[in-house]
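Please read the structure below before turning to the comments.
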Amino acid sequence: MRSRVAMIFSNTPVRLQPYFGFRNERRLMVSARALKASSTDFKRSGRWRAIRTMIKQFASHEMADLPVRLEIARPDGNTFSHESKTDKEGFVHFEVELEGSWPHGSSTDWETVALHWENESGRQSAPGHVLVPGQAASLGVISDIDDTILETGITGGLRNLLRNMKRVVAQLPEERIAVPGADVFYNALGGSAPASAQAVAPGDHLPATKRPFFYISSSPWNLYSYLVAFKRSRNLPLGPIMLRDWSLNRDTLGSASHGAHKREAIDRVLGAFPDMKFALIGDDTQGDFVAFGETVERHPNRIAAVFIRRAAKAELNADERAAQTTMKEASVPLWLGDDYSTGEAFLDKIGLASDGEAQQIIEIVK
């Protein structure tokens, strides 16, 4: 099968798809994927072009063993390079130990890096963007995507996958239905300054959200550009997205692996920023409640609050009730609701009232 795909894309130049990364003062993490596929274009004026682009994202041919060079710039302007190769699925992962002083700025921003490779047309480069929480950022947000900000159904088993594929392929990102109130709620939490993706030189900085946002999802990496375009179209805060490499097997399509993937992704973020607390936002369709409960159990002092959107609206099962008990015993405020309207009492519990934002948020959600 792979040999046939390779023949189809044999004349398509290799491109590199950078993914949003993040760093602290000691380590920088950023990934990309080498593909023989057209660049993404979801403009409304080109629906059929967008559909063809989406199909190619799923039928793309990954390039293994491609040399990639990462260029980063220190705060003093000196640049450094790190080299690696793509794996058998086309991914390249950089985890760079930062030598010397790499302080955070006063506010959260995006730091630009550059990725270099060669294809049939010669030397190529693409900018990458790395989220750097500001020195004043004591609270971050880790959010699910599927059915939390966007109704997808794509990871709910083979039947839901097939049902949703038509929606993913045929509808442009800006046509997808966002969860009501998600944009207001997320922006009120400190996400009202979306980052720009313009090409700039390594070391340049771009404005980000007031609070750092991170996203976890069991959707495939093929949907990365689609999800970024959706968030841009709805003015939702941008941030690193941790997706999964998919295969059509029980491990991918079954529900058991969703929670494990999300727990691992959350632990990665918590480990990178040990001095920050985080609010966790998810829903009740893919094990978020249980995964968040296990996170609270392992890191009881790191979670400021948990928000669970009741998308399925079913009665809590035994595992979810156990997670609810864990949060209560750890004194972690828990919100359960079918929309994102909230009130002053809950904001007081999670500490937003003390930073002067509570009244503004209350007025918005009213």
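Any value given below was found using the heavy atoms of this structure, including those in side chains, with hydrogens, waters and symmetry copies removed.
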Within 6.0 Å of CD in Glu315, more than 12 heavy atoms from elsewhere: no
Under the ring-ring contact (aromatic ring centres under 6.0 Å, His included) rule, collect the residues that match up with Phe213, sequence neighbours excluded. none
Partner residues of Asp183 under the side chain to side chain donor-acceptor pair (under 3.5 Å) criterion, sequence neighbours left out: none
Is it the case that atom CZ in Arg298 sees more than 12 heavy atoms from other parts of the structure closer than 6.0 Å? yes
Worked verdict on Asp146 versus Ser219 for side chain to side chain donor-acceptor pair (under 3.5 Å): CA-CA 8 Å; Asp146 318 312; Ser219 290; 2.9 Å; yes
What heavy-atom pair brings Val332 and Ala305 nearest, and what distance separates the two atoms? CG1-CA, 4.0 Å
Verify the neighbour count for atom CD of Gln124: are there more than 12 heavy atoms of other residues, nucleotides or ligands below 6.0 Å? yes
When the ring centroid of Phe20 is compared with that of Tyr215, is the distance short of 6.0 Å? no
What's the shortest heavy-atom distance between Gln324 and Leu336, and which atoms? NE2-CD1, 3.9 Å
Angle class for the Tyr224/Tyr19 ring planes (parallel below 30°, perpendicular above 60°, tilted otherwise)? perpendicular
same_hphob_cluster(Leu35, Leu70) at 4.5 Å side-chain heavy-atom cutoff: no
Within 45° cone and under 6.0 Å: Lys231 NZ/CZ vs Tyr186 ring: no
Determine, for Glu264 against Arg244, whether the closest basic-nitrogen to carboxylate-oxygen distance falls under 4.0 angstrom. no
Which heavy atom of Ile241 sits nearest to which heavy atom of Trp221, and what is that distance? O-CH2, 3.3 Å
